[in-house]
Protein chains: 2
Amino acid sequence: MATRERPRRVTIADVARHAGVSTTAVSKVLRSAYGVSPAMRDRVKAAIEELGYRPHAAARAMRGRTFTIGVLLPDLRNPFFPDILDGLNERLAGTDYQAIMVQGGPGTEAEARAIEALVDRQVDGILMIAPELGRARLEEVAAQVPTVVLGLHERSAVYDAVHDDDELGAELVVRHLIGLGHRRIAHIGHLPGGRVRASAALHAIRAATYERVMREHGLEGEIPVALTSYSEEGGYEGARRLLARSPRPTAIFAGADSAALGALRALHEAGLSVPADVSLAGYDNTRLAALSSISLTSVDQDGEEMGRTAGRLLLERIEGRGSSVRFSVTPTLVPRRSTAPPGSSGERAR
Amino acid sequence: MATRERPRRVTIADVARHAGVSTTAVSKVLRSAYGVSPAMRDRVKAAIEELGYRPHAAARAMRGRTFTIGVLLPDLRNPFFPDILDGLNERLAGTDYQAIMVQGGPGTEAEARAIEALVDRQVDGILMIAPELGRARLEEVAAQVPTVVLGLHERSAVYDAVHDDDELGAELVVRHLIGLGHRRIAHIGHLPGGRVRASAALHAIRAATYERVMREHGLEGEIPVALTSYSEEGGYEGARRLLARSPRPTAIFAGADSAALGALRALHEAGLSVPADVSLAGYDNTRLAALSSISLTSVDQDGEEMGRTAGRLLLERIEGRGSSVRFSVTPTLVPRRSTAPPGSSGERAR
DNA sequence: ATGAAAGCGCTAACAA
DNA sequence: TTGTTAGCGCTTTCAT
């Protein structure tokens, strides 16, 4: 049973020998460092080409960089995250950096392990998407590796923050529903396993803003909230709980489109139609929300722009920036057919 | 402007000093290798604990393993892939291995770079999901790194293959549609950028089977195929092309649920309803297909099982298995409300 | 402008 | 059973 023949990798020494120069020269050419004559550069490049040399990332990691950006992804099913990754990859294209992703869920345990895994692998920078670990741990990591945190409104001296103006976004949704005439508006939120500061997490901000706007409109008596998770299952479970109440809410604001989809399932199972019986709104304006058979009112936040910015900030930090930065995108409401005035029974989505 | 203080990592030497033993001893304990007394093991473990030591992956990579499995993901938006990852992660949990993912699309160029990135980072094993690179390149990679290819029916001596019985799956769909009375059944397929052998790729098998079954039922005159891609955009574009034909197809078999969603959008835009005007079927039975507002007839393949198996096969290969293996799951049809007899106008989905 | 040589943290062959 | 030591491929002083 043929033992695997691992052909020895071409090393910098092979290239040097082939080009008749020193390994130092090759290394310099590779990093386009200062102090190489054009002649030598050409010979080395030719040798690299001929031998099909590729730098050994682990060896590089021992001394310098790995040219790797680690991305913590809490959940592969959230259809909003690919937008962020598109932006990041766009920014990284053309550089020598590669994004690798690790799944940080479900659970805080898994998230902690995933982050450790990135640190152990000596990535040059980390993008954490909506982490649930506590601030203390985040700062510990950020002290070792340039870090950008996406989704937390926490301000920190050691990492950069990129987020959406979740307060505005939630306000847009709730005002929209109130404007349509709803009073019994329920909310499906996300209950983190971890210890993020209540006010810092995006889901906490969306929930708090929902409550604030309700109060401002004298609806403090009607604040049913189901805290589950921003996921299909969470939305399903949350909607079931909310629908069991009496009187039933006439509208549901799900804190994320993924949860809204689950809520939709629960609504259908209960024989209720949207928006005739219950209006439904989400957040993230994912592509699914736009699907005409779903046509979900949602909040658009520019995920690609957030990803692009996160990439830029990471590269800047890797190049040595020490100060920290916050970046916020402004969301907009995208009304669709899933929301309508209460009791507007004729209005079924087609 | 505080320049970042990178606290020096705790190394194996620190642990050794702290425990009053040699680095070898520590290394052995870490790898639970043969030849350490329980007493020493305990002292070392205590020292590791006290110092918060974590092995440096890059240093390990120089000599031995990285304990990293690389996953090539062609597309983050395909809702079927998370099922595979769940299976893989389940298998890897409890081992020292970590899965990292790289995005291999869009385009063969990007895929090639993504695979290089994994090889450069010395992963111990690679899981390639539906790669489009040619067989030659796959085998080159597999000769260097234990590899499992998911989705290709290519048989190879150097890598393991995990796939669904796509021939059966496609047959189930087409027979189902024919059984409902359809004759003008169209297909939306995937046109790979790369050079996979025509017959080996899962999309090619689904398309070829579609044609075969159509022929077997004397429908060789009615084989409109749109080759775009297995994605929302691809499905949309494909459906638009198919709907422009005259006479219009009465049913569409999209080779993947993601494409079916795009087709659904095109159908709605054209003012057609499903299944009254056109029946629609997908493949993969993703969670979205089950959503009642979509209720898409689809083919279920057990992605989790495929992922679990891929993980197992990789670990086996890493442990030294040299022979190669194929694993196939059997798909089942899941009929839903998106398919119905042609012209059954009363039958709108609720 | 070029090259020699000292490590980076770890593993494994070998000695004791 | 335990420890000594020679690298793994690369970057980076420091000479030349």
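These figures come from a predicted structure and were not determined experimentally. Here is how names work: the chains are called A, B, and so on, in the same order as the sequence lines, proteins then strands, and each is numbered from 1.
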Q: Applying side-chain contact (heavy atoms from CB on, under 4.5 Å), name anything that partners Glu109(A), two or more places apart in sequence or on another chain.
A: Arg113(A)

Q: Hey, could you give me each pair passing salt bridge (charged side-chain N to carboxylate O under 4.0 Å, His left out) that has a residue in residues 302-316 of chain A? Not counting sequence neighbours.
A: Glu90(A)-Arg308(A), Glu304(A)-Arg308(A), Glu305(A)-Arg308(A), Arg312(A)-Glu316(A), Glu316(A)-Arg321(A)

Q) In whole angstroms, how far is the C1' atom of dG9(C) from the CG atom of Leu51(B)? A) 15 Å

Q. By side-chain contact (heavy atoms from CB on, under 4.5 Å), which residues pair with Glu139(B), not counting sequence neighbours?
A. Arg135(B), Ser156(B), Val158(B), Tyr159(B)

Q.
Once side-chain contact (heavy atoms from CB on, under 4.5 Å) is applied, do any residues pair with Ser37(A), and if so which ones, sequence neighbours excluded?
A. Ala39(A), Met40(A)

Q: Determine to 10° how strongly the helix from dA1(C)-dT16(D) to dA16(C)-dT1(D) is bent, judged from the axes of its five-pair ends.
A: 40°

Q: Could you check how far CD1 of Ile48(A) sits from C1' of dG9(D), rounded to whole Å?
A: 14 Å

(Q) Looking at Arg17(A) and Glu50(A), is any side-chain nitrogen of the basic one under 4.0 Å from a carboxylate oxygen of the acidic one? (A) no

(Q) According to salt bridge (charged side-chain N to carboxylate O under 4.0 Å, His left out), who are the partners of Glu49(B), at least two apart in sequence or on a separate chain? (A) none

(Q) For Asp120(A), give me all partners under salt bridge (charged side-chain N to carboxylate O under 4.0 Å, His left out), at least two apart in sequence or on another chain. (A) Arg9(B), Arg54(B)

(Q) Among residues at least two apart in sequence or on other chains, which ones pass side-chain contact (heavy atoms from CB on, under 4.5 Å) with Arg63(B)? (A) none

Q: Rounded off to whole Å, could you give me the CZ-to-P distance for the Arg43(B) and dG3(D) pair?
A: 8 Å

(Q) One character per nucleotide, please: for nucleotides 10-16 of chain C, 5' to 3', B when the base has a protein heavy atom closer than 4.0 Å, S when only the sugar-phosphate does, - otherwise. (A) BBBB---

Q: Would you mind reading off the distance between Arg121(A) atom CZ and dG9(C) atom C1', rounded to a whole angstrom?
A: 15 Å

Q: Take the protein atom CE of Met62(A) and the nucleotide atom C1' of dC8(D), then report the distance between them rounded to whole Å.
A: 8 Å

